[in-house]
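Structure first, then comments.
Values reported hereafter were calculated over all heavy atoms of this structure, with side chains retained and with hydrogens, waters and symmetry mates removed. Per chain, numbering begins at 1; letters A, B, ... match sequence-line order.
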Amino acid sequence: MTSLELRNISATSKTGAKLRNISLKVEEGDYIVLLGPTGSGPTEVLQVIAGLLKVDSGEILLNGREITDLPPEDRNVSMVFEQFNLFPHMSVLDNLLYSARVRREDIAQKEKVAEEIISMVRLDGREDAISRELSGGMQQRVGVARAVVASSEILLLDQPYRALDAKIRAELRMEVRNIVKGLNLSCVHSTHETEEAMLVADKVAIFKDGHLEQFGTPEEIFDNPATAFVASFLAESNNWDVREMGEKVRISEQVALDYDRENYSGDYSKVIIRQHAIDLFFDEDPPEGWSSYEGTITKIRLLGESIRITVRVGDVDFIVRELINPNLRTVDRLEGQRVVLGFPVEEVRLY
Amino acid sequence: MPTIEFRNVSKSYGKIKAVINLNITIKDGEYISLLGPSGCGKTTTLRLLSGLIQPTEGEILWDGRPIQNLTPDERDIGYVFQQFAIFPNMNLWENVAYPLEVKGLPEEEIEETVEKYLELVGLVDRAHLFPHDVGAADLQRVGIARVLAKGAKVLLLDEPFGALDFKIREKFQDELRGIVKRLNLTAIHVTHDQSEGMAISDRIGVMKKGRMIQLASPMELLFRPSQIFSAHFIGESNFIEGVVYKKLDDSIVVEVIGGFKITCSSNVRSFLVGDRVVVGFRKTFSRIVEGDGENAIRGEVVTDRYLGEKRRILVNLQYGMRIELIVLPHIRRFSRGEEITISLDPSVLLVYNYPREGLDEALEVT
């Protein structure tokens, strides 16, 4: 069953960011992530759903009911922000029960729900703790719990982990997804972080300049990116202009690449090879059928969990990204070394 | 320029201990980053060095001389913050020249110095522009040119790229490191961004709750972290509890949770049979194998999430212990509940004494 539907939504935010003709369906229990650069649309879509941003045209349906012109308080949606927006002087439990009190709901019954949720978000024993004294990660869990206790029809998470340290963020993102899934809630979550989106989403919507570029499961959008923007936003990429197409695609004076000629016929202007798709070969040959080029390692950059290696081939820099592994223990000494780089021909994507 | 030494330095605010017994030496011309969770003492360390605050205990030495009695102005230090302390009513040239004018330097010297440092940060052609005409990165360049023009020999940088766009940030990191090295300055840089710390620093200091946990090169922290918290905080690692079961010539065998016997061969000489230990390994360092596998542990898959360039596989060992593997996307997919065998290379396993405060607390980030 469709939980939320946006039909041809256009809107303009106070900062001038525009949404252009967005249509999107969220099925019941779906965890949807809206992904894109700052100002490209994700946060604005959440604001439109919550009623915080008025639409210029289009319709919003929540469980079949049109809510396009309803004020925020009548929509039964809950939004969790980057800044946790808890009442700092109130206890965890009071924060959770606040909306029930305002709406004069049955507090005893809500208290039972709140206790269950507190346990689910691993805050047992902290019911009476004052919110401002909790860590950022805990406060964000309270934020999610509050939205759940309010029995909203849909949960909206607006960059919920941005204000948190990277380690806490990594711990919290799957935890919140599990809570949401456990309760069979529908959820729409905005972020600029590709990994966060891929990790938690059932489906990802990618935005650019207020347009919805592509909507699909993480696998669908990653494996078959519809546009050059989607391809390079989802993974760090080598991005070149096409100089000439023929048996090969020429990207510079000295370098031309093989490409899948059956798949690509016609005119193309961009060539993309994702950094992680390229492998380096020091003592062995690349697998059969791969394209390979000899070059010199010119730069090594440690990124934590991965390492980025720049290889100069002729007059072109290829950037290669490797997950750190034991073979890279001496990677810092590789600058200036000759190396063969290789990649499967299907990784040469044309747009 | 100077060698800086912190000797038993502590700083308390009432009952709160912001920095505890800090003992480090920062070498002449070295670029150091301080990394750690919010509130770990990184910024307090910078402020102590700048003279904005005084230690509660211990002393700070410059080239062997205590500096407690020097005011911030007397310490050849340039402090660069995330927010740009730029005068909006002055053009870029005037912004850099201002502190020199206040010092009362001769006009010719001011001209020469301002030009030199604006050139260094690549702004000499745009010196006539006003702050509102240039982007955030250029404002930060002006800030750096100004502290250098003032004669700073030590740069203290507190999240200097925090306000910059990701793409610009990286270029700027290279640029800043280049300037520091070219002028042979000493730099201490606070950041919460690991890749920034790795890219820019000679050594990284990992801090937690006011203490310096480890000060080491980026490669050492990635491949041979000597402390359990640095192994956890830098990059991503798994930790499994166990007991030393057997001691061999150059290795030990640890019986880990689930009864698996794992050989570990890196830095294990000091361990004795019966020692309670924690075995750590990077999430990207494991190999999934079919069958029993060598030096292997087994568990049940909880989730296998596809992230495009990699996959994250969450595995239940026993007694509620979970580990996560980061693998390349082409490795076969696993379904929930499926058994998985993970083979571990003895030379990449990190062995630590079981922490006195307990494993959870030792790894706690907040």
Discussion item. Under the criterion side chain to side chain contact (heavy atoms under 4.5 Å, CB included), I'd like the reasoning laid out for A/T217 against B/Y306: C-alpha separation, chi angles, the key distance, then a yes or no.
Written reply: CA-CA 10 Å; A/T217 65; B/Y306 177 79; over 6 Å; no

If you tally heavy-atom pairs under 4.5 Å between each of B/H192, B/R312, B/R311 and chain A, the highest tally belongs to B/R312

- Item | Neighbour count >12 (heavy atoms, 6.0 Å) for atom CG, B/D360 | no

Q. Got a salt bridge between B/R305 and A/E195, using NZ or NE/NH1/NH2 to carboxylate O under 4.0 Å?
A. no

Note: B/L222 and A/G304 closest approach over all heavy atoms is CD2-O, 3.1 Å

So, the part of A/R177 with a heavy atom under 4.5 Å from chain B: the answer is side chain

Here the gap from B/F223 atom CZ to A/L302 atom CG, rounded to the nearest 0.5 Å, amounts to 7.5 Å

Honestly, the part of B/D174 sitting under 4.5 Å from a heavy atom of chain A is side chain

d(A/L199 CG, B/K310 NZ) to nearest 0.5 Å is 9.5 Å

When the 4.5 angstrom heavy-atom criterion is applied to A/R308 and chain B, the contacting part is side chain

Task: Close side-chain approach of B/M219 to A/T330, heavy-atom, < 4.5 Å - done: no

Whatever's closer than 4.5 Å to a heavy atom in chain A on B/S347 counts as both

Note: A/E305-B/R282 ion pair, threshold 4.0 Å (strictly below): no

- Message: Counting neighbours of CD on B/E294 that are heavy atoms of other residues, nucleotides or ligands and sit closer than 6.0 Å, is the number greater than 12?
- Response: no

Margin query: Are more than 12 heavy atoms, taken from residues, nucleotides or ligands other than A/D317, located less than 6.0 Å from that residue's CG atom?
Written below: yes

Tightest non-hydrogen contact, residues A/M198 and B/G308, listed as CE-N, 3.8 Å

ask   = Take atom NZ in A/K181; do more than 12 heavy atoms of anything else shown fall under 6.0 Å from it?
value = yes

Heaviest contributor of heavy-atom pairs below 4.5 Å to chain B, chosen from A/L328, A/I300, A/V200, is A/L328

Taking every heavy atom of B/D345 against every heavy atom of A/R329, the minimum-distance pair comes out as OD2-NH2, 4.4 Å

Can you tell me if B/R332 has over 12 outside heavy atoms packed within less than 6.0 Å of its CZ?
yes

Any side-chain heavy-atom pair from A/R301 and B/E170 closer than 4.5 angstrom? yes

Beyond-backbone contact of B/T284 with A/N325, side-chain heavy atoms, under 4.5 angstrom | no

Q.
Assess the residue pair B/L307 and A/F222 against the criterion (side chain to side chain contact (heavy atoms under 4.5 Å, CB included)); give the C-alpha distance rounded to whole Å, side-chain angles, the decisive distance to 0.1 Å, and a yes or no.
A. CA-CA 8 Å; B/L307 303 173; A/F222 193 90; over 6 Å; no

Whatever's closer than 4.5 Å to a heavy atom in chain B on A/M138 counts as neither

Bottom line for A/A201: the part with an atom under 4.5 Å from chain B's heavy atoms is backbone

When the 4.5 angstrom heavy-atom criterion is applied to B/E220 and chain A, the contacting part is neither

B/T191 meets the side chain to side chain donor-acceptor pair (under 3.5 Å) criterion, sequence neighbours left out, with B/E196

Interatomic distance, NZ@B/K283 vs CG@A/L323, rounded to 0.5 Å, equals 12.5 Å

